[in-house]
Amino acid sequence: LHLTLTTNQSSHSDIIGSVITISYDDVINTYTWNGTELVITLPINVEYTISFGEIANYKSPDSVSYISTIANNRFITATY
């Protein structure tokens, strides 16, 4: 999983530090956005959900769910 965050503003510095949660089965992992693409390895054949934390003065992206597969390199860009 390759995950990138962006905004519709000229600067993306406001979203640095936002928290992303990825959950599957009984596992919940949190990641902090530092301004560069997150590369996350997931187990094969699990349904996972990506949730995006709140940032003041921005609308958070909606949560999304996918199923991981062996040959799938998913690239996601979420916009605040």
Side-chain angles (χ1 to χ4, degrees):
L1 171 64
H2 299 260
L3 180 61
T4 302
L5 298 184
T6 189
T7 72
N8 61 2
Q9 304 300 308
S10 59
S11 171
H12 303 308
S13 62
D14 289 347
I15 63 173
I16 291 176
S18 65
V19 175
I20 299 110
T21 302
I22 299 179
S23 57
Y24 56 89
D25 296 336
D26 292 329
V27 177
I28 299 173
N29 292 316
T30 57
Y31 303 88
T32 302
W33 177 251
N34 66 7
T36 60
E37 178 184 72
L38 293 172
V39 179
I40 301 161
T41 302
L42 296 165
I44 298 168
N45 292 328
V46 297
E47 182 174 359
Y48 61 95
T49 300
I50 306 170
S51 303
F52 304 92
E54 293 184 13
I55 298 175
N57 301 315
Y58 286 87
K59 180 187 178 305
S60 299
D62 292 333
S63 296
V64 292
S65 295
Y66 300 99
I67 296 176
S68 62
T69 61
I70 195 165
N72 187 355
N73 277 324
R74 189 174 305 277
F75 292 83
I76 298 172
T77 300
T79 303
Y80 275 86

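We number each residue from 1, following the sequence as shown.
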Compare every heavy atom of S23 with every heavy atom of I28, then report the nearest pair and how far apart it is.
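Shortest heavy-atom separation between I28 and S23 comes out as CG1-CB, 4.0 Å.
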
Does some side-chain heavy atom of [Y] sit less than 4.5 Å from a side-chain heavy atom of [X]?
| X | Y | result |
| --- | --- | --- |
| T4 | F75 | no |
| V46 | V27 | no |
| L3 | Y31 | no |
| R74 | Y48 | yes |

Spacing of [atom1] belonging to [X] relative to [atom2] belonging to [Y], to within rounding of 0.5 Å:
| X | Y | atom1 | atom2 | value |
| --- | --- | --- | --- | --- |
| W33 | I16 | CH2 | CD1 | 8.5 Å |
| T36 | L38 | OG1 | CG | 6.5 Å |
| L1 | E37 | CG | CD | 9.0 Å |
| N45 | I70 | CG | CD1 | 8.0 Å |
| I15 | L5 | CD1 | CG | 5.0 Å |

Expected output: side-chain H12 to main-chain T7 donor-acceptor under 3.5 Å:
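Checked: pair present.
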
In terms of hydrophobic clustering (I, L, V, M, F, W, Y; side-chain heavy atoms under 4.5 Å; direct or indirect links), are V19 and I40 co-clustered?
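No, because V19 and I40 fall into different hydrophobic clusters, even though each may have its own neighbours under 4.5 Å.
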
Scan side-chain atoms only and decide if T21 and T30 contain a donor-acceptor pair under the 3.5 Å cut-off.
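The answer is no; no qualifying pair exists.
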
Between side-chain atoms of residues 50-64 and protein atoms elsewhere (two or more places apart, or another chain), which donor-acceptor pairs fall under 3.5 Å?
unit_1	atom_1	unit_2	atom_2	d
S51	OG	S63	OG	3.2
Y58	OH	D14	OD2	2.8
S60	OG	G53	O	3.0

Evaluate side chain to side chain donor-acceptor pair (under 3.5 Å) for T49 paired with S65, printing each intermediate quantity in order.
CA-CA 4 Å; T49 300; S65 295; 2.8 Å; yes

